**Q** 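Structure provided below as structure tokens; questions to follow.
Numbering starts at 1 and runs along the sequence shown. Note that the coordinates shown come from a computational prediction; the quantities given were computed from them, not determined experimentally.
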Amino acid sequence: PDLSQNMRAGRDREIRPSKNPQVIADAEGAVARFRGGRRDALSDLKPWVLTHIIAANLLTPEERQAAGLAEKGTKP
């Protein structure tokens, strides 16, 4: 999935994990499905759920790379 505009803008400001219980649950469920082998588990998430996944460090650098969430110039 492409990085949301909020995540790209986050380079200039701190990105914080969500405090919304539904966003947290959606993010954790998507990460569990991704780790369970569903490589498309992150593809249709709302931008704020993806932002939470990144901000909360729910994926390892290697997982972010495999999911296409690593920014240019970063290495796992």
**Q** Say whether, by atom type as modelled, one donor and one acceptor occur between the side chain of Arg35 and the main chain of Val31 under 3.5 angstrom.
**A**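 Such a contact is absent between Arg35 side chain and Val31 backbone.
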**Q** How long is the straight-line distance from CG of Leu45 back to CG of Asp40, given to the nearest 0.5 Å?
**A**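 So the CG of Asp40 and the CG of Leu45 are separated by 10.0 Å.
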**Q** Nearest 0.5 Å, what's the CD-NE2 distance between Gln22 and His52?
**A**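 If I round to the nearest 0.5 Å, the distance is 11.5 Å.
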**Q** Apply side chain to side chain contact (heavy atoms under 4.5 Å, CB included) to Asn57 and list each qualifying residue two or more places apart in sequence or on a separate chain.
**A**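 Asn57 satisfies side chain to side chain contact (heavy atoms under 4.5 Å, CB included) with Arg64 only.
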**Q** Going by the rule side chain to side chain contact (heavy atoms under 4.5 Å, CB included), which residues pair with Ala66 if we only count those two or more places apart in sequence or in a different chain?
**A**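 If we apply the side chain to side chain contact (heavy atoms under 4.5 Å, CB included) test to Ala66, skipping adjacent residues, the hits are Phe34.
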**Q** Look up atom CD1 in Ile53 and atom CG in Leu42, then write down how far apart they are to the nearest 0.5 Å.
**A**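 These two atoms lie 5.0 Å from each other.
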**Q** Got a second to check how far Lys46's NZ is from Thr51's OG1, nearest 0.5 Å?
**A**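 Lys46 atom NZ to Thr51 atom OG1 measures 13.0 Å (nearest 0.5 Å).
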**Q** If you take all heavy atoms of Ala27 and Leu58, which pair is closest and at what distance?
**A**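 Between these two residues, the closest heavy atoms are CB-CD1, 3.9 Å.
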**Q** Kindly work out whether a path of hydrophobic side-chain contacts (I/L/V/M/F/W/Y, heavy atoms less than 4.5 Å apart) joins Trp48 to Leu69.
**A**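 Yes, because Trp48 and Leu69 connect within a single hydrophobic cluster, where side-chain heavy atoms sit under 4.5 Å apart.
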**Q** What pair of heavy atoms forms the shortest contact from Ala41 to Ala30, and how long is it?
**A**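 Looking at all heavy atoms of both residues, the shortest contact is CB-O, 3.6 Å.
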**Q** To the nearest 0.5 angstrom, please state how far the CG atom of Leu50 sits from the OG atom of Ser43.
**A**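 Going from the CG atom of Leu50 to the OG atom of Ser43 covers 9.5 Å.
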